[in-house]
2 protein chains.
Amino acid sequence: MEKKAEKTMQARSGGGQMVLEANLCFAIYGAAHAFTRTYKPLLEPLGLTYPQYLVMLCLWEEDMQTVKALGERLGLDSGTLSPLLKRMEQSGYVRRERSREDERQVKIALTDEGACLEARSANVRAAIGAALGCTMDEAAALRDEVMALKARLMQLEG
Amino acid sequence: MEKKAEKTMQARSGGGQMVLEANLCFAIYGAAHAFTRTYKPLLEPLGLTYPQYLVMLCLWEEDMQTVKALGERLGLDSGTLSPLLKRMEQSGYVRRERSREDERQVKIALTDEGACLEARSANVRAAIGAALGCTMDEAAALRDEVMALKARLMQLEG
DNA sequence: CGCAATTCAATTGCGCACAATCTAGTTACG
DNA sequence: CGTAACTAGATTGTGCGCAATTGAATTGCG
């Protein structure tokens, strides 16, 4: 039952635990949470959560998208988006209207208030840029590496 | 009302949308989800979710840790860990026993079944290693970059 | 045309993640 | 000693994230 005396010593050599921190996944998992914690106080005055802000970025870029289009862009399914969009409708930032050509799809449209929010969100991008603590080129390089990793992971799913 | 004709064209130049994909945060957010989706089918036969697997990694490295110690290591608070550990107790992988020296703390201990799981999880690490699609050195380098980014983000929180 | 297969969105159920609050136990200070 | 400050963990409430199911609309095929 004294199975871990030497194992723990080895694991801790170098000033910290190894097993967990050795994992790239744990690093990304932690960085993702750190990002949302950084965004939270910036988005709170706008009445948005981070996933809701992602939806707004999509809509500011191109208004009137279907739920499916948003889901494909963001990597989210209707189980996530339906209630999220309903909350955004409650907040008054989007409208949800069933498409005339195809009654199955629901188009998400910005309200005037939602469109105005784009200007008010300028400081968010600035603050995040500053929080990154690196140049835009460095951030872009890291982003490309992470995106390539994600592509490799998704390649062997469905 | 035709406010986005040229904007959309510009945004799409280069073969894809820009606003969203330009963000490092969105890349990490997506990669984190891709990781958990990769882990899911590997951990399902073991009866673990990814956060539960992280707890097991902690405990395999050092048994009998307090909830607080696990939380600091994993970056999770008691609001997340309490119900998670209760589910792991239901699964039969850990026991929760109040400390004798300090009745406030609860020590989490592996059951025999939980300890045995370590051997059965060998294929998980192998499969993830293969799914990464890069060498261990490359993965370690990316991990260090992501950890450094996380450290910079956390630096200007509390 | 008529029925099966497909597609889109919504719903249900479960498991994180976290803020806020609560309880119990411990420590510190007068 | 006794009370105030602090700490550990649990609980409550909100919001994702996703699998599975449902229901309505559309498409495709005989």
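Everything quoted here is computed from the prediction, not taken from an experiment. Note on naming: letters A, B, ... go to the chains in the order of the sequence lines (proteins, then strands), and numbering restarts at 1 for each one. All heavy atoms count here, side chains included; hydrogens, waters and symmetry mates do not.
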Length of the line joining Q105(A):CD and dC8(C):P, which is rounded to integer Å: 7 Å
Could you tell me how far apart F35(B) (CZ) and dC16(C) (P) are, to the nearest whole angstrom? 19 Å
Partners meeting side chain to side chain donor-acceptor pair (under 3.5 Å) with K68(A) (sequence neighbours left out): E72(A)
Under a 3.5 Å limit for both distances, which nucleotide forms a Watson-Crick or G-U wobble pair with dT7(D), could you say? dA24(C)
Figure out the NE2/P separation between H33(A) and dA19(C), and round it to whole Å. 12 Å
What is the separation between atom OH on Y39(B) and atom P on dC16(C), rounded to the nearest whole Å? 16 Å
Could you grab the distance from atom CG of L76(A) to atom CG of L70(A), nearest 0.5 Å is fine? 9.5 Å
Indicate, with a heavy-atom threshold strictly under 4.0 Å, whether T66(A) touches base, sugar-phosphate, or nothing. sugar-phosphate
If I take atom CD1 in residue I108(A) and atom P in nucleotide dC8(C), what distance separates them, rounded to the nearest angstrom? 15 Å
Look at the side-chain heavy atoms of Ile, Leu, Val, Met, Phe, Trp and Tyr, link any pair under 4.5 Å apart, and say whether L132(B) and M147(B) land in one connected group. no
Using OP1 and OP2 only, check whether a side-chain N or O of Y29(A) sits under 4.0 Å from dC16(C). no
Side chain to side chain contact (heavy atoms under 4.5 Å, CB included) against E138(A), all qualifying residues, sequence neighbours excluded: C134(A), T135(A)
Which of these passes ring-ring contact (aromatic ring centres under 6.0 Å, His included) with Y29(B): Y53(A), F35(A), Y50(A)? Y50(A)
Tell me, please, the opening and closing nucleotides of DNA chain D, 5' to 3', among those with an atom under 4.0 angstrom from a non-hydrogen atom of chain A. dG15(D) to dT26(D)
Taking atom C1' of dA17(C) as reference, at what distance in whole Å does atom CZ of R87(B) sit? 11 Å
Does L81(B) reach a base, just sugar-phosphate, or nothing at all? Heavy atoms under 4.0 Å. nothing
Should E62(B) and R73(B) count as an ion pair when the cut-off is N to O under 4.0 Å? no
Can you check whether K86(A) has a side-chain N or O nearer than 4.0 Å to OP1 or OP2 of dT11(C)? yes
Sequence-distant partners of R104(B), side chain to side chain donor-acceptor pair (under 3.5 Å), two or more places apart: D102(B)
5'-most contact on DNA chain C: L85(A) or L76(B), nearest heavy atom basis? L85(A)
Base, sugar-phosphate, or nothing: which does T80(A) touch, judged by heavy atoms less than 4.0 Å apart? base
Has S99(B) got a side-chain atom pairing as donor or acceptor with Q105(B)'s backbone, closer than 3.5 angstrom? no
For C25(A), is there any backbone N or O sitting under 3.5 Å from a side-chain donor or acceptor partner on N23(A)? no
Atom-pair distance (CD on E44(B); P on dC14(C)), nearest Å: 15 Å
Residues 84-93 of chain A vs side-chain hydrogen bond (donor to acceptor under 3.5 Å, both in side chains), sequence neighbours excluded, gives E89(A)-R96(A)
Just call it for G75(A): base, sugar-phosphate, or nothing, with non-hydrogen atoms closer than 4.0 Å on any strand. sugar-phosphate
Which nucleotides of nucleotides 20-28 of chain C have their base under 4.0 Å from a protein heavy atom (B), which only their sugar-phosphate (S), and which neither (-), written as one string 5' to 3'? -----BS--
Rounded to whole Å, OH of Y50(B) lies from P of dC16(C) at a distance of 13 Å
